[in-house]
Amino acid sequence: MDADNASEFPAILDICFGTDRQSKIAYRFRDGVPPCDRFCLVAHAFGELIGGIQYWPCRVNGVDARLLGPIAVLPAWRGRGAARALVNQSLDMVAEAGVDLVVLIGDAALYRQYGFIPASAQGLFIADENPERVQIRPLTPAGAAASGEVAVAGKVPA
Ligand SMILES: CC(C)(COP(=O)(O)OP(=O)(O)OC[C@H]1O[C@@H](n2cnc3c(N)ncnc32)[C@H](O)[C@@H]1OP(=O)(O)O)[C@@H](O)C(=O)NCCC(=O)NCCS
């Protein structure tokens, strides 16, 4: 995601998630932390930004992970496969980079199709978050063996 798209993306997030979105627990992983730009992608239609996906650094007991999210597509452009393309392309890039694990906070029903499983099945959790909303996609044996609290990269769980 280049600088122009990065400056436009928050307006899309306001439309898709509301202006109070920064109170969500996921923002703990984003406050004061730059996104992993090389994995963040955008979707355009007729030259206009219509959606995007971001990733943020995190760790699970020393295992290298990324928090996927937000992903958003403007209402007028939904149902045409934009989100599927954003998720699949970016996950391929994250896997190719050797990252062990992808974590997200979202509906299991939406993310199952991309190979995500409930984090609780592997003993992973995000403090204060509803366990049913935390999903993971292990990408390496280390990712498949990781368990414990998902922590902001660079900070250790209290
Ligand atoms: C969720 C969102 C990104 C999907 O974007 P989209 O471009 O319409 O998605 P796609 O067209 O690529 O759909 C891909 C598949 O996901 C399914 N899907 C889309 N939204 C879904 C949802 N909320 N729950 C379950 N499945 C969903 C679609 O049915 C489609 O599957 P199908 O082809 O088998 O029918 C979009 O609705 C959005 O921005 N919503 C508001 C923000 C949001 O909720 N983001 C996710 C936070 S966890």
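Being a predicted model, the structure only gives us computed values, none of them experimental. No hydrogens, no waters, no symmetry mates; every other heavy atom, side chains included, goes into these values. Along the sequence shown, the residues carry numbers beginning at 1. Atoms within a ligand are numbered from 1 in the order they appear, just like the ligands themselves.
For Thr140 and Asp100, the side-chain atoms include at least one donor-acceptor pair closer than 3.5 Å. Counting only N and O atoms by type, the side chains of Gln113 and Arg84 include a donor and acceptor under 3.5 Å apart. Tyr27 and Arg21 form a side-chain donor-acceptor contact under 3.5 Å, judged by distance and modelled atom types alone.
The environment of CD in Glu48 is sparse: at most 12 heavy-atom neighbours from other residues, nucleotides or ligands sit within 6.0 Å. The environment of CD in Glu8 is crowded: more than 12 heavy-atom neighbours from other residues, nucleotides or ligands sit within 6.0 Å.
Atoms of ligand 1 lying under 4.0 Å from any heavy atom of Tyr111, numbered from 1 in the order shown and given with element: 46 (C), 47 (C), 48 (S). For ligand 1 and Arg80, the ligand atoms under 4.0 Å from any heavy atom of the residue are 11 (O). Within the listing of ligand 1, atoms 42 (C), 43 (C), 45 (N), 47 (C) sit less than 4.0 angstrom from a heavy atom of Phe17. In the vicinity of Gly81, heavy-atom distances shorter than 4.0 Å reach the ligand 1 atoms 10 (P), 11 (O), 12 (O). Per-residue contacts place Gln113 under 4.0 angstrom from the following atoms of ligand 1 (heavy atoms of the residue considered): 15 (C), 16 (O), 17 (C), 31 (O).
The closest protein non-hydrogen atom to atom 34 (O) of ligand 1 is Arg84 NH2, 3.7 Å. Nearest protein neighbour of atom 45 (N) of ligand 1, counting heavy atoms only, is Ile71 O, 3.0 Å. Protein heavy atom at the shortest distance from atom 39 (O) of ligand 1 is Val73 N, 2.8 Å. Among all non-hydrogen protein atoms, the one lying nearest atom 41 (C) of ligand 1 is Arg78 NH2, 3.4 Å. With respect to atom 24 (N) of ligand 1, the closest heavy atom belonging to the protein is Leu110 CB, 3.8 Å.
Checked by distance only, ligand 1 and Gly106 stay at 3.5 Å or farther apart across all their nitrogen or oxygen atoms. Below 3.5 Å of separation, one finds no N or O of Ala109 facing any N or O of ligand 1. At least one N or O atom of Gly79 sits closer than 3.5 Å to an N or O atom of ligand 1.
In this structure, atom 13 (O) of ligand 1 is not in close contact with the protein, since no protein heavy atom lies within 4.0 Å of it. The protein reaches atom 32 (P) of ligand 1 closely, with a heavy atom under 4.0 angstrom from it.
Note that the CG atom of Asn88 and the CG atom of Leu41 stand 11.0 Å from one another [nearest 0.5 Å]. Summarising the geometry, atom CD1 belonging to Ile71 is positioned 6.5 Å from atom OH belonging to Tyr114; distances are rounded to the nearest 0.5 Å. Remark: Leu101 CG to Cys58 SG distance equals 7.0 Å, nearest 0.5 Å.
Asp2 places a side-chain N or O within 3.5 Å of a backbone atom of Asn5 that can act as its donor or acceptor partner.
With distances taken over non-hydrogen atoms, the option nearest atom 4 (C) of ligand 1 out of Cys16, Ala83, Gly52, Gly69 is Ala83.
Here the side chains of Leu68 and Phe116 are in contact, with some heavy-atom distance below 4.5 Å.
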